Engineer: 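First the structure, then my questions, so here it is.
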Number of protein chains: 2
Amino acid sequence: MRDLANALGIEAASIYSHIKSKEEILQRVCFKMAQEFFEAIDAAEATERSATDRLKRAIAAHVQVLTQNTEAAAVFLHEWRHLSEPMHSTYLSLRDKYEARFREIIRSGISNGEFTVPDEKFAALTILSGLNWTHTWYKPNGKMTPAEIADNLTEMLLNGLSTKKQALQDTYSHLNTP
Amino acid sequence: MRDLANALGIEAASIYSHIKSKEEILQRVCFKMAQEFFEAIDAAEATERSATDRLKRAIAAHVQVLTQNTEAAAVFLHEWRHLSEPMHSTYLSLRDKYEARFREIIRSGISNGEFTVPDEKFAALTILSGLNWTHTWYKPNGKMTPAEIADNLTEMLLNGLSTKKQALQDTYSHLNTP
DNA sequence: CCTACCGATCGGTAGG
DNA sequence: CCTACCGATCGGTAGG
């Protein structure tokens, strides 16, 4: 709190005329970020499209929020542990609701044949963890824009590393020789 | 330190007859884990095989170390930030060496056509971040063993979610009709 | 490994 | 928003 006061150019005690406690700052950051993530995915899912397309847009929306303010993102992703009850439980249930949005996209992609995946819960977790690492290395002046990062992430998570197209084209290539 | 002493059944001051400082504990955990990760990947890469196979084994080895002791893994992944110099720099260079092992596998897979990926550095980062999330939810008595987790992770990261085989088989299926 | 401490720092309050 | 302060807790030491 002394550091914060210093950065603001006021005395430490004066902070408490603006907020009730140190934890209030944590709460505000965590729930403001949660709100931003929900607004972003709402916009991403607004139009009716294929699961692949909805997932692409959800990934781009998530990366956009993450990179907008990497410090707030770090608080949202790590410091929520220090929330006291009942905020702690509220946070957890919001996070699960958000993850469920990704699970739902994956589930619909499985049922219509767009996706093949062993476990939708596991898949959602792996996707989100891949996205969430971004905040640790993203630099606003780096060579990749948030949109480019999202494109690369989408490419990796949807298609994987394996050159499957190539392998399958090889498999079928004898059929194509004139 | 008081909590630690309590758990050990001794007085707080007595801890200091075993260690020099609180930070020494952090150092020991961080560098012991680093050593374990290197030993695991050394074993995984010992035999000459395809890049796909080496990556599979490296993933399994990494997940094995992560799940062996999730609390130490959490310290290794997050608390290293509090290391003071020169340990902080040493840690960072070890981590980069480790990541380079994954980049090297990916690079060799690209050059022999096993992998197709836009950026090997980006790919290595995304793989590792997908793996490193495991420590937050893994439970020794859960339904997935470390080996099963590794298999699922490998499947997702190598092949992605998209049902590409199916899509390509559809593309070529007219060629197969008798 | 313990008793007896210490200086520094922490989040926060009273009263203006 | 400030001055003046407080009780609690922190990592750690001296000396046995």
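So that the names make sense, note that chain A is the first sequence line, chain B the second, and so on, each numbered from 1. This one's a predicted model, so the numbers in the text were calculated from it and none came from an experiment.
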Engineer: Indicate yes or no: at least one non-hydrogen side-chain atom of A:Trp137 is less than 4.5 angstrom from one of B:Leu125.
Structural biologist: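 Side-chain contact under 4.5 Å: yes.
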Engineer: Could you tell me how far apart A:Arg2 (CZ) and D:dC1 (P) are, to the nearest whole angstrom?
Structural biologist: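 Rounded to whole Å, this separation is 17 Å.
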Engineer: Want to settle it: does B:Asp3 or B:Ser14 sit nearer the 5' end of DNA chain D, counting the closest nucleotide to each?
Structural biologist: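 Nearer the 5' end of the strand: B:Asp3.
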Engineer: Specify the separation, in whole Å, of atom CG of A:Leu4 and atom C1' of C:dG12.
Structural biologist: 14 Å
Engineer: Tell me: NZ of A:Lys20 to C1' of C:dT13, nearest whole Å?
Structural biologist: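 Rounding to the nearest Å, NZ of A:Lys20 and C1' of C:dT13 are 14 Å apart.
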Engineer: Just wondering, are more than 12 heavy atoms of other shown residues or ligands nearer than 6.0 Å to CD in A:Glu85?
Structural biologist: yes
Engineer: Whole angstrom is fine here: how far is it from CD1 in B:Ile10 over to P in C:dC2?
Structural biologist: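 To the nearest whole Å, that distance equals 6 Å.
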Engineer: From NZ of A:Lys22 over to C1' of C:dT13, roughly how many Å is that when rounded to an integer?
Structural biologist: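 Rounded to the whole Å, the gap is 17 Å.
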Engineer: Indicate yes or no: at least one non-hydrogen side-chain atom of B:Met33 is less than 4.5 angstrom from one of B:Leu77.
Structural biologist: no
Engineer: Does A:Ser17 place a side-chain N or O at less than 4.0 Å from the phosphate oxygens OP1/OP2 of D:dC1?
Structural biologist: no
Engineer: Less than 4.5 Å apart, any side-chain heavy atom of B:Lys97 and any of B:Arg101?
Structural biologist: no
Engineer: Which one, C:dC1, C:dG12, D:dC2, comes nearest to the side chain of A:Glu11?
Structural biologist: D:dC2
Engineer: B:Glu24 has an atom CD; how far is it from atom P of D:dG12, in whole Å?
Structural biologist: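 Rounded to whole Å, this separation is 10 Å.
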Engineer: Measure the distance from CD on A:Glu23 to P on C:dC10 and round it to the nearest whole Å.
Structural biologist: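 So the two atoms are 18 Å apart, to the nearest Å.
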Engineer: Ignoring the backbone of A:Ala13, work out which of C:dG11, D:dA4, C:dC2 is nearest its side chain.
Structural biologist: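 Side chain of A:Ala13 sits closest to D:dA4.
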Engineer: Closest approach to the side chain of B:Tyr16, judged atom by atom: which nucleotide of D:dG11, D:dC1, C:dC1 is it?
Structural biologist: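 Of all the options, the side chain of B:Tyr16 is nearest to D:dG11.
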Engineer: Given that both distances must come in under 3.5 Å, which nucleotide forms a Watson-Crick or G-U wobble pair with C:dG15?
Structural biologist: D:dC2
Engineer: Rounding to an integer number of Å, can you tell me how far A:Asn6 CG sits from D:dC2 P?
Structural biologist: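 It is 11 Å, rounded to the nearest whole Å.
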Engineer: Identify the heavy atoms of A:Met156 and B:Ile127 that sit nearest to each other, and give their distance.
Structural biologist: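 Taking A:Met156 first and B:Ile127 second, the nearest heavy atoms are CE-CG1, 4.3 Å.
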